[in-house]
Amino acid sequence: MNNTDIAGIFEHMANFLEIKGENPFKIRAYRRAAQVIEHLPRELAVMLAAGEDLKSLPGIGQAIAAKAEELVRTGRLAAWETLRGSLPEGLSELLEIPGIGPKTAFRLASELGISSVDELERAIRQGKVASLFRLGDRTADNLLHQIESLRRKDQRIPLGRALPLVEDVLSMLRPLPGVKNLVAAGSLRRFRETVGDIDLMGTADYPEQVIRSFVSLPAVRDVLGQGPTKASVILADGLQADLRMVEHEAFGSLLQYFTGSRQHNIALRARNQKRGLKLSEYGITDASTGRLETFATEEDFYARLGMQYIPPEIREDYGEIELAATHALPELVERSDIRGDLHVHTHWSDGTASLESMAQAAKEAGYAYLAITDHSGGLGIAGGLHEDRLLKQQQAIHELNQQIEGIRLLTGIEVNIMSDGRLDLPDEILSGLDVVVASIHSSLNQSEGKMTRRILKALENPHVDILAHPTGRLIGKREPIAVDLEAVFSAAAQYRKVLEINSMPDRLDLKDNFIYRARELGVLLAINTDAHRPEHFELIRFGIGMARRGWCRPSSILNTRSVDEVLAHFRQGNTSR
DNA sequence: GCCGTTTTCGGCCCGACTGTTTTCAGTCG
């Protein structure tokens with residue numbers, strides 16, 4: 001049983017306990033455990049097999065550790081079987097409907113015998129729901145609307161689609177007269193790989209005018225609501241965006257509050273409550289005096305708590321609060337730290353641009369070096385390079401290096417890892433290149449054992465420098481390959497191989513929690529764009545966002561180093577066996 | 001059920017809105 005399944009069961013248990021009116025803190029404990037487990041970089045089964053104590057995980061104590069172990073060992077959980085037997089199975093899905101909480105769900109089940117969304121819809125149409133005590137026509141009507149919108153609701157959408165959309169909106173509103181602040185908060189600001197709703201907030205001299213302009217933007221498909229300081233709209237892709245205009249003095253605490261994450265805020269408040277400070281979106285209240293202090297910036301807000309400013313990307317209650325309190329947060333990698341890209345394509349394979357224009361674009365991006373890594377000729381990739389054309393390309397790169405100034409091109413290849421782990425170019429060819437990026441593009445459905453052996457074999461090749469997009473996932477389109485990443489990370493650390501953080505918004509591969517784990521194991525990472533055209537260099541910000549979510553300092557990222565240091569690192573990898 | 005620079009017991013984030021009431025429970029973010 002894997003982590004997703006286990007987390008799912010704990011989440012269901014929380015729902016059922018809630019419906020039964022159990023202790024709310026017990027319920028919260030199950031929810032928190034589910035979240036922690038869901039985002040673990042390693043399988044609980046693996047940790048248990050290694051003899052590790054699950055109680056060392058945050059939010060997991062004696063009882064939940066034992067239950068998790070029971071699930072791993074037997075695939076079942078007696079406590080869960082009992083619980084689910086005591087209530088109608090479908091009740092959990094009722095909680096998905098906005099407006100229905102545990103109390104209402106319980107009453108719908110006990111008083112009307114409803115146990116599914118379909119049954120609820122029928123009951124509403126028959127007028128049964130509106131006749132219940134403390135419910136009425138309005139409530140029933142709203143629920144019906146929620147059910148309908150839930151059925152056509154778009155999923156969370158990838159960050160790569162949401163961010164440009166939101167930036168468009170912001171760039172049209174910011175020039176309005178009197179606008180001081182205007183930013184997106186929420187999971188978008190934290191650079192989560194997918195986002196649900198968008199929370200925009202700002203301060204301005206004439207807030208109503210900003211609201212009016214907002215709802216009449218061309219990107220707005222539908223206006224859900226509009227008041228003097230707040231409006232809700234639907235943008236393209238079905239993305240809901242809320243704009244909130246506030247007083248300038250309270251902007252800092254409001255931004256902090258709406259940036260989240262929820263877990264971060266809960267932990268932050270609990271911690272400071274003990275010190276007599278009450279935190280809210282309006283500011284900080286000293287319990288002894290009852291006086292509310294406001295904050296125009298987040299920096300001031302955190303400083304008042306005696307803490308370092310915490311970058312949004314790591315506000316996940318993953319230890320950042322404690323470190324910020326002792327001023328020991330890591331300095332996270334930034335765009336300006338990046339000195340080159342080690343994975344790009346040109347029209348020599350499936351890219352669209354020439355060597356020259358890619359070099360020029362990299363130079364404009366502020367880079368000192370650029371590795372040209374077109375596809376190797378093997379399996380089914382359009383226009384991949386065979387040995388003769390690769391040699392010609394190397395020649396062209398050498399010549400271009402003579403002509404251009406301000407950037408150094410490195411020769412390279414993105415070589416296919418074939419289904420048995422061999423590479424589709426011979427070692428003699430690979431040894432003549434500055435950078436060898438290896439990746440999987442075929443036979444993606446192999447078993448975990450086979451896939452892991454395949455990748456480990458590729459990593460054992462002394463000429464391989466970087467493993468690109470290690471899991472092969474495409475967000476929302478293709479599942480990651482089945483592979484024992486823990487084994488891959490260990491091998492990479494041992495052989496000094498570099499793992500890629502691919503910045504393509506539909507890849508973001510490795511993802512945040514795996515970056516965190518790889519870094520923990522001492523693996524060096526590279527943030528690459530995998531650019532296929534000059535504009536793609538801009539996508540580096542997504543990779544940087546992931547790296548920051550994985551707590552990477554510049555020292556964890558190879559391409560923050562000079563070209564000589566990069567090449568020196570590859571040479572070490574080549575001779576370390 | 002979890003957790004500990006005041007605690008191994010006694011706490012556990014905070015405020016607003018909605019619809020239904022006549023003082024507030026339930027839900028949400």
Side-chain angles (χ1 to χ4, degrees), chain A residues 10-11 13-37 54-68 79-80 83 94-108 129-143 145-146 185-187 195-201 225 227 229-230 232 240-242 244 246 250 253-285 287 292 305-306 317 321-322 325-326:
Chain A
F10 286 151
E11 182 63 39
M13 287 183 76
N15 285 345
F16 275 38
L17 290 169
E18 197 171 24
I19 292 169
K20 294 184 72 136
E22 266 279 3
N23 174 0
F25 302 107
K26 182 170 170 178
I27 293 155
R28 183 192 295 171
Y30 274 100
R31 285 229 161 91
R32 168 136 164 79
Q35 265 185 5
V36 167
I37 292 168
L54 302 186
K55 290 200 294 297
S56 64
L57 295 169
I60 296 188
Q62 190 78 47
I64 291 188
K67 289 189 171 70
W80 168 228
L83 191 57
L94 291 187
L95 295 178
E96 305 283 311
I97 303 168
I100 294 190
K103 302 284 190 256
T104 313
F106 182 75
R107 291 187 55 206
L108 290 172
V129 172
S131 67
L132 291 183
F133 178 68
R134 269 194 170 274
L135 295 174
D137 288 336
R138 281 289 269 289
T139 307
D141 215 42
N142 284 344
L143 287 178
H145 269 100
Q146 291 294 353
S187 49
V195 299
D197 300 341
I198 304 291
D199 283 308
L200 307 175
M201 48 205 49
T229 62
K230 194 192 153 185
S232 255
Q240 180 173 335
D242 297 347
R244 209 176 301 262
V246 301
S253 52
L254 194 90
L255 180 59
Q256 194 283 329
Y257 172 77
F258 276 102
T259 297
S261 65
R262 173 181 297 225
Q263 287 300 341
H264 174 87
N265 285 347
I266 288 175
L268 197 65
R269 287 164 182 213
R271 177 189 176 89
N272 286 286
Q273 189 191 45
K274 294 172 194 159
R275 308 174 173 174
L277 297 177
K278 198 172 61 167
L279 280 53
S280 79
E281 55 266 52
Y282 303 105
I284 298 175
T285 309
L292 174 74
L305 302 175
D317 189 21
I321 292 173
E322 292 73 14
T326 54

What's the closest nucleotide to the side chain of [X] if the choices are [options]?
X: A/Lys67; options: B/dG1, B/dG29, B/dC14; answer: B/dG1
X: A/Thr104; options: B/dG15, B/dG26, B/dC2; answer: B/dG26
X: A/Phe258; options: B/dC14, B/dG1, B/dG29; answer: B/dG29
X: A/Phe25; options: B/dG15, B/dT27, B/dG1; answer: B/dG1
X: A/Arg269; options: B/dG15, B/dG1, B/dC13; answer: B/dC13
X: A/Arg28; options: B/dC13, B/dG1, B/dG15; answer: B/dC13

Atom [atom1], compared across [N] and [M]: separation rounded to whole Å:
N: B/dG26; M: B/dT21; atom1: P; value: 13 Å
N: B/dT6; M: B/dC12; atom1: P; value: 16 Å
N: B/dG11; M: B/dA16; atom1: C1'; value: 25 Å
N: B/dC17; M: B/dT23; atom1: C1'; value: 16 Å
N: B/dC3; M: B/dT8; atom1: P; value: 16 Å
N: B/dC13; M: B/dT20; atom1: P; value: 30 Å

With the side chain counted from C-beta on, respond yes when [X] and [Y] share a heavy-atom pair under 4.5 Å apart, and no when they do not.
X: A/Arg134; Y: A/Thr139; value: no
X: A/Leu268; Y: A/Gln256; value: yes
X: A/Arg32; Y: A/Asp317; value: yes

Any base atoms under 4.0 Å from [X], or only sugar-phosphate, or nothing? Heavy atoms, all strands.
X: A/Arg32; value: nothing
X: A/Ile266; value: base
X: A/Tyr30; value: sugar-phosphate
X: A/Pro102; value: sugar-phosphate
X: A/Leu17; value: nothing

Every protein N/O within reach of nucleotides 17-22 of chain B N/O, cut-off under 3.5 Å:
residue, atom, partner, partner atom, Å
B/dG19, OP1, A/Asn142, ND2, 2.9
B/dG19, O3', A/Thr139, OG1, 2.8
B/dT20, OP1, A/Gly136, N, 2.7
B/dT20, OP1, A/Gly136, O, 3.4
B/dT20, OP1, A/Thr139, N, 3.4
B/dT20, OP1, A/Thr139, OG1, 3.0

* **Contact under 4.0 Å: A/Tyr282 side-chain N or O vs B/dC14 OP1/OP2** => no
Table of protein N/O atoms under 3.5 Å from nucleotides 4-11 of chain B N/O atoms:
none

* Confirm from the modelled atom types if A/Tyr257 and B/dG29 form a donor-acceptor pair under 3.5 Å, side chain to base only. => yes
Who passes side-chain hydrogen bond (donor to acceptor under 3.5 Å, both in side chains) against [X], sequence neighbours left out?
X: A/Arg31; result: A/Glu11, A/Asn15, A/Glu18
X: A/Asn272; result: none
X: A/Lys230; result: none

* Structure fact -> Per nearest nucleotide of DNA chain B, the residue lying toward the 5' end, A/Ile100 or A/Ile27, is A/Ile27
Gap between atoms [atom1] and [atom2], on [X] and [N] respectively (whole Å):
X: A/Met13; N: B/dC2; atom1: CE; atom2: P; result: 11 Å
X: A/Leu279; N: B/dC14; atom1: CG; atom2: P; result: 8 Å
X: A/Glu96; N: B/dG29; atom1: CD; atom2: C1'; result: 16 Å

* Closest contact, heavy atoms only, A/Phe10 versus A/Ala34 -> CB-CB, 3.9 Å
* Partners meeting side chain to side chain contact (heavy atoms under 4.5 Å, CB included) with A/Ala270 (sequence neighbours left out) -> none
* **Check: A/Thr259 side chain, A/Leu255 main-chain N or O, donor-acceptor pair, under 3.5 Å** => yes
* Structure fact -> Across every strand shown, the nucleotide meeting Watson-Crick or G-U wobble geometry with B/dC17 (both distances under 3.5 Å) is B/dG26
